[in-house]
Amino acid sequence: MTAPAEPRPSGARPPVRCSTVLCPSTARTDGPRPSGVREVVRYNWPMYAAGALTAAVGGALAGRLPGPAAALARAAAATAAGYLAVSTLATWCVYDRSELHRYDWLPALLPDGPGDHLVISTGLDEAGGPLAARHPGARGRLADLYDPALTAGGSIRRARRHAPPAPGGIPARPGALPAGTGTLDTVFAVFAAHELRRPADRTALFAEAARSLRPGGTLLLVEHLRDAANTAVYGPGAWHFLPRGTWLRHAAEAGLHPAAERRIAGLVTAFAFRKPAP
């Protein structure tokens with residue numbers, strides 16, 4: 001792994017027009033920490049409330065209904081309570097206790113570091129701060145794709161209200177990223193791309209990432225997958241995630257090749273999709 005550059009000394013700097021050139025990362029490292037179990041529950045509280053209500057109602061009905069109906073009510077209550085307990089514990093293990101937000105897994109996918117990079121946000125930036133802390137000399141920007149018309153999930157709207165956009169974010173669209181052609185070493189999409197619910201928007205984002213990357217550059221995608229492990233833990237909530245094949249298809253359509261893949265805490269997958277060298 002390439003050693004990070006020494007931090008720049010403090011002091012006044014001339015203004016830099018980040019719309020036209022890459023600038024040193026200005027992501028705050030002293031701001032709110034990345035999401036943990038507390039934030040996940042806050043952003044997804046209707047789903048947790050529905051599970052708690054199902055458990056409570058099922059338990060109450062089990063004592064009043066006859067035979068088979070009571071058994072069904074107890075089963076529904078036990079299933080709901082089980083998913084609440086397991087999903088909350090798993091979320092705490094992944095988001096609060098694992099290497100996820102420390103980015104200890106990153107050197108295996110990007111041994112030379114992020115270089116000139118763009119962080120994609122669709123309403124909640126989970127990568128800018130940790131990347132700036134880990135690689136203070138890397139040059140990066142944040143592209144803010146948040147648009148209620150594109151990111152229709154209620155959880156991301158609640159997240160946006162609780163965590164305002166980071167300073168320096170550049171408003172962008174999936175088909176128009178703020179980067180010149182072939183100017184980036186890495187594009188980061190950390191828990192961001194799945195919030196684009198329309199396939200055409202994800203296709204446009206992958207195409208723009210490929211356009212912006214230099215030959216040999218990397219699109220670093222981090223997502224939960226709609227797979228057996230996440231379904232076992234999150235139940236119906238796992239349908240908000242997308243299957244592994246969907247991400248592989250989007251990458252292939254953009255001309256990006258799978259270069260590396262890392263499973264984090266058993267439930268999160270980090271993909272490195274590489275732009276071929278000429």
Side-chain angles (χ1 to χ4, degrees), residues 1-2 4 25 27 33-37 39-40 90-135 138 140 142-143 145 184-196 202 205-206 208-210 212-213 216-231 233-234 238 240-276:
M1 172 182 173
T2 302
S25 177
R33 65 182 178 85
S35 296
V37 66
E39 289 76 23
V40 171
T91 298
W92 177 74
C93 290
V94 172
Y95 287 85
D96 293 275
R97 303 298 297 175
S98 81
E99 62 178 341
L100 175 64
H101 290 315
R102 297 194 306 270
Y103 281 72
D104 294 343
W105 48 269
L106 188 59
L109 303 180
L110 289 177
D112 295 325
D116 296 339
H117 63 277
L118 183 71
V119 176
I120 303 296
S121 167
T122 48
L124 186 64
D125 173 27
E126 298 279 47
L131 285 171
R134 191 177 182 96
H135 298 278
L142 173 68
L145 272 60
L184 298 175
D185 296 303
T186 314
V187 174
F188 288 90
V190 180
F191 301 123
H194 76 279
E195 297 292 355
L196 299 174
R202 297 193 300 270
L205 176 62
F206 273 65
E208 270 292 277
S212 303
L213 289 170
T218 302
L219 169 61
L220 203 293
L221 178 80
V222 179
E223 291 284 355
H224 285 278
L225 300 181
R226 189 191 302 166
D227 58 12
N230 281 281
T231 300
V233 168
Y234 294 109
H240 185 63
F241 312 141
L242 296 172
R244 181 173 182 272
T246 297
W247 299 121
L248 295 177
R249 184 173 67 253
H250 283 312
E253 291 169 348
L256 301 173
H257 298 167
E261 186 173 324
R262 177 75 176 265
R263 194 77 164 183
I264 303 168
L267 292 172
V268 173
T269 301
F271 298 93
F273 295 118
R274 197 74 35 82
K275 182 175 182 176

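Along the sequence shown, residues are numbered consecutively beginning with 1.
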Note, [X] side chain near [Y] side chain (heavy atom, < 4.5 Å):
X    : Y    : result
F273 : L248 : yes
R202 : E195 : no
D104 : R134 : yes
L225 : F271 : yes
E253 : F206 : no
L110 : D185 : no
V222 : W105 : yes
V119 : V190 : no

Mind checking the [atom1]-[atom2] spacing from [X] to [Y]? Nearest 0.5 Å is all I need.
X    : Y    : atom1 : atom2 : answer
L100 : C93  : CG    : SG    : 12.5 Å
F188 : L221 : CZ    : CG    : 11.5 Å
T218 : R274 : OG1   : CZ    : 3.5 Å

Contacts of type salt bridge (charged side-chain N to carboxylate O under 4.0 Å, His left out), residue R262, not counting sequence neighbours: E99
Under the salt bridge (charged side-chain N to carboxylate O under 4.0 Å, His left out) test, residues paired with D227 that sit two or more places apart: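 Listed in chain order: R263.
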Parallel, tilted or perpendicular: rings of Y95 and H101 (30°, 60°):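 The rings of H101 and Y95 sit tilted, inter-plane angle from 30° to 60°.
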Whether W247 and H250 hold their rings parallel, tilted or perpendicular, with breakpoints at 30° and 60°: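 W247 and H250: tilted rings.
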Residue list, side-chain hydrogen bond (donor to acceptor under 3.5 Å, both in side chains) with Y234, at least two apart or on another chain: T91
